[in-house]
Every structure is written in C-alpha cells, then in structure tokens.
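Read through the structure below, which is laid out as structure tokens, and then see the notes.
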Amino acid sequence: MATVTGMQQVLVNLTVNARDAMPGRGRLVIRTANASRPGHGGRYVRITVEDSGAGIPPEVLPKIFEPFFTTKPVGEGTGLGLATVYGIVKQREGWVDVESAPGRGATFHVYLPAA
Ligand SMILES: Nc1ncnc2c1ncn2[C@@H]1O[C@H](COP(=O)(O)OP(=O)(O)O)[C@@H](O)[C@H]1O
Ligand SMILES: [Mg+2]
C-alpha cells in the first residue's frame with residue numbers, strides 16, 4: 001500500500017472510531033508533531049487523534065488491536081479498524097500508543113519514522 005493511501009486509511013479508521021464513541025456531540029482533535037522516543041533513536045512524526053467520547057475500560061484496552069475484536073452491536077462493528085491501523089503502522093516501522101479511561105475520551109498517538 002502506498003504511504004499516502006495507508007495514512008488516509010489510518011486517519012479514517014481512527015476518526016470513525018472517534019465518531020462512534022461520541023454519539024450526539026463531542027470534540028475531535030487531530031494534531032501532528034515531531035517526536036522522538038527514548039531508546040528508539042531517530043526522528044519520528046506523531047499523529048494524534050483525540051476524542052471526548054466514552055473512553056475505553058481498562059479490561060478492554062489490551063484487546064482493541066486484535067482482529068475482529070469489537071464492542072459494537074452485530075452489523076455495526078467489524079473489529080478490523082484498529083487491526084488495520086496497527087498493520088499499516090508496523091509495516092512502516094512505527095507504533096501506536098493509546099491513552100484512555102472510561103468517561104475521559106480516547107487519545108491515539110501514531111508514531112512514524114520521519115522521512
Ligand atoms: N476512540 C475510541 N473510543 C472508545 N473505544 C474505542 C475507540 N476506538 C476503538 N475503540 C474500541 O476498540 C474496539 C475495536 O475498534 P476497531 O478495531 O476499529 O473495530 P470496530 O470499530 O469495528 O469495533 C471498538 O469496538 C471499541 O470498543
Ligand atoms: Mg472501527
């Protein structure tokens with residue numbers, strides 16, 4: 001997959017999840033920044049997708065990147081959105097961090113090697 005197509009897919013999947021987590025109304029923020037990570041060296045670009053939605057319970061958090069894992073009703077969730085994000089980002093030697101708690105929204109950070 002071309003880099004631009006891949007990044008579009010990553011952004012769409014994360015923003016669709018943010019939408020689903022904010023029925024009615026909410027706040028979606030997309031940010032970019034230069035970044036580095038201790039122990040990884042080199043320069044990275046960080047794309048952050050943050051929502052003010054329902055948040056993710058701690059017992060669910062470890063499963064969200066698994067293929068076919070979904071908490072959505074049958075017919076609504078495929079459970080493939082985050083697995084796809086993970087695959088695309090890994091393929092580019094990046095990684096994904098998540099911060100979330102119930103009622104406190106969710107923040108997904110995507111790190112990619114700077115080009
Ligand atoms: N922004 C978010 N806020 C709350 N929960 C989320 C968010 N993004 C993902 N999740 C949780 O992770 C699960 C897996 O997401 P995903 O792989 O995109 O599959 P799907 O959206 O089809 O359920 C979702 O069902 C939901 O429980
Ligand atoms: Mg999804």
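Counting starts at 1 for both ligands and their atoms, following the listed order. This is a predicted model, so every value here is computed, not measured. Keep in mind that the numbers below use all heavy atoms, side chains included, and drop hydrogens, waters and symmetry copies.
For a threshold of 3.5 Å applied to N or O pairs, the pair formed by T70 and ligand 1 contains at least one separation below that value. Considering both main-chain and side-chain atoms, A83 never comes within under 3.5 Å of ligand 1 through any nitrogen or oxygen pair. Polar contact check, V60 against ligand 1: no nitrogen or oxygen pair lies under 3.5 Å apart.
Using a 4.0 angstrom heavy-atom cutoff, D51 counts as in contact with ligand 1. Using a 4.0 Å cutoff on heavy atoms, G79 counts as a contact of ligand 1. Ligand 1 lies out of reach of G53, whose nearest heavy atom is not under 4.0 Å from it.
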Below 3.5 Å, can you tabulate the donor-acceptor pairs from side chains in residues 106-115 to any protein atom, sequence neighbours excluded?
unit_1: H109; atom_1: ND1; unit_2: T48; atom_2: OG1; d: 2.9
unit_1: H109; atom_1: NE2; unit_2: E99; atom_2: OE2; d: 2.8

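Every atom of ligand 1 with a heavy atom of F69 under 4.0 Å away is listed here by number and element: 14 (C), 19 (O). Close contacts between ligand 1 and G77 involve ligand atoms 22 (O) [criterion: under 4.0 Å to a heavy atom]. Near G55, the atoms of ligand 1 lying under 4.0 angstrom from a non-hydrogen atom of the residue are 4 (C). Within ligand 1, counting atoms from 1 as listed, the ones closer than 4.0 Å to a heavy atom of T78 are 22 (O).
Of the heavy atoms in I56, only side-chain atoms (C-beta onward) come closer than 4.0 Å to ligand 1. Heavy atoms of F108 found under 4.0 angstrom from ligand 1 belong exclusively to the side chain.
Ion pairing between R27 and D51 fails under the 4.0 Å rule for side-chain N and carboxylate O.
Only protein atoms were considered; those of element N, O or S under 2.8 Å from the Mg ion (ligand 2) number 1.
Residues G42 and S36 share a closest heavy-atom pair of O-CB, 3.9 Å.
For atom 26 (C) of ligand 1, the nearest non-hydrogen atom of the protein is T71 OG1, 3.4 Å.
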